[in-house]
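Every value quoted in this text rests on a predicted model; they were computed, and no experiment measured them. All residue numbers in this chain count up from 1 along the given sequence. As a basis for the values below, the full set of heavy atoms in this structure was taken, side chains included, without hydrogen atoms, waters or symmetry mates.
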Amino acid sequence: MPQSVLVVDDEANILLSLEFLMKKAGYEVRLARDGEEALAEIAKARPDLVLLDVMMPKRNGFDVCEAIRANPEWRAVRVILLTAKGRDIEREKGLALGADDYITKPFSTREVVERVTAWIGPAK
């Protein structure tokens with residue numbers, strides 16, 4: 001079974017492009033459009049990695065990251081935050097909340113695939 005990636009973003013174009021990239025790389029992909037939907041998807045089936053937008057309606061990426069890290073059953077889930085917030089203090093906040101990595105928008109598609117592969121390995 002291929003490794004799974006949950007892509008969470010409220011912008012449809014980013015969601016579709018990341019879905020395409022991850023599927024092209026061979027990963028199983030699921031999508032969520034906000035923080036609440038992301039947590040519901042993780043509860044249904046734990047992904048290997050979450051590509052998590054920070055600025056979203058209902059529950060932002062920082063809150064979702066914190067909730068993932070607070071659940072012992074989800075501790076193995078890797079979290080990469082994706083955000084337009086590129087200031088050091090925001091990056092430090094994301095990492096302090098338990099994110100494994102932090103990618104600033106706009107991002108290179110190659111960089112995203114490389115970072116995902118670095119954390120969970122190439123698709124099987």
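- Arg30 and Glu41 are joined by a salt bridge, as a carboxylate oxygen and a charged side-chain nitrogen come within less than 4.0 angstrom of each other.
- Contact between Arg59 and Ala67 at its shortest, heavy atoms only, is NH2-CB, 3.8 Å.
- Residues Asp53 and Val8 form no side-chain contact, since every pair of their non-hydrogen atoms from C-beta on lies 4.5 Å or further apart.
- Within the structure, salt bridge (Lys or Arg N to Asp or Glu O under 4.0 Å) contacts touching residues 5-15 (residues at least two apart or in different chains) are Asp9-Lys105.
- When each of Asp100, Asp101, Asp48 is tested with Arg78 by the rule salt bridge (charged side-chain N to carboxylate O under 4.0 Å, His left out), just one qualifies, namely Asp100.
- Looking at heavy atoms from C-beta onward, Ile68 lies in side-chain contact with Ile42 at the 4.5 angstrom threshold.
- The minimum heavy-atom distance between Ala25 and Ala123, with the atom names listed, is O-CB, 3.2 Å.
- Cluster note: Val116 groups with Val5, Val7, Ile14, Leu15, Leu18, Leu21, Met22, Tyr27, Val29, Leu31, Leu49, Leu51, Ile80, Leu82, Ile103, Phe107, Val112, Val113, Trp119, Ile120 through ILVMFWY side-chain heavy atoms spaced under 4.5 Å, whether in direct contact or through intervening members.
- Considering CD of Glu28 and CG of Leu6, their distance stands at 10.5 Å, rounded to 0.5 Å.
- In this structure, Glu111 CD and Thr109 OG1 are separated by 9.5 Å, a value rounded to the nearest 0.5 Å.
- Between Arg115 and Tyr102 the shortest heavy-atom distance is NH1-O, 3.2 Å.
- Of all heavy-atom pairs spanning Pro57 and Asp34, the tightest one is O-CB, 3.6 Å.
- Residue Arg69 holds its CZ atom at 10.5 Å from CG of Leu97, rounded to the nearest 0.5 Å.
- Nearest heavy atoms, Ala38 versus Val64: CB-CG1, 4.4 Å.
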task = Could you please spell out the steps behind the side chain to side chain contact (heavy atoms under 4.5 Å, CB included) verdict for Trp74 and Leu39?
result = CA-CA 10 Å; Trp74 297 349; Leu39 292 172; 3.8 Å; yes
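- Heavy-atom minimum distance, Gly94 versus Cys65: O-SG, 4.4 Å.
- Put simply, the side chain of Arg33 never gets that close to the backbone of Ala12: no donor and acceptor are under 3.5 Å apart.
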